[in-house]
Amino acid sequence: MASSSSEPSDELVTAVGRYVLGDLSLGRAAEAAGLSRWEFEKVLEDAGFTSLYGPRTDEQLQREIDVTLDLDE
């Protein structure tokens with residue numbers, strides 16, 4: 001994320017917002033911001049957010065269960 005300005009890019013702001021709202025996973029948000037997962041976690045930490053791992057909703061949990069069950073077949 002090379003920038004001559006100290007202002008965050010629109011992509012970064014959008015990625016952080018979508019991550020905080022649960023629209024994107026940590027990895028997908030980092031990718032959307034053009035950062036590594038670890039760089040994105042640092043951005044979140046600096047902004048006062050904690051990285052969340054795993055499903056946040058029952059629907060996300062069910063999707064993960066379904067994918068796991070499909071892998072077992």
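Numbering of residues begins at 1 and proceeds along the displayed sequence. Owing to the predicted nature of the structure, the values given are computational and were not obtained by experimental measurement.
What you find for Ala33 and Leu12 is that their closest heavy atoms are CB-CD1, 3.8 Å. When all heavy atoms of Ala32 and Glu11 are compared, the pair lying nearest together is O-CB, 3.8 Å. The shortest heavy-atom contact between Leu24 and Tyr19 is O-CD1, 3.4 Å.
In this structure, CZ on Arg18 lies 10.0 Å from OG on Ser25, to the nearest 0.5 angstrom. Arg37 CZ to Leu26 CG: the interatomic distance, rounded to the nearest 0.5 Å, is 6.0 Å. In this structure, CG on Leu35 lies 9.5 Å from CG on Leu44, to the nearest 0.5 angstrom.
Counting non-hydrogen atoms of other residues, nucleotides and ligands closer than 6.0 Å to CZ of Arg28 gives a total of 12 or fewer.
Contact of the Val16 side chain with the Phe40 side chain is registered, since non-hydrogen atoms from C-beta on lie closer than 4.5 Å.
Applying the side-chain hydrogen bond (donor to acceptor under 3.5 Å, both in side chains) rule to Asp66 yields the partners Gln62; only residues at least two apart in sequence or on another chain are considered.
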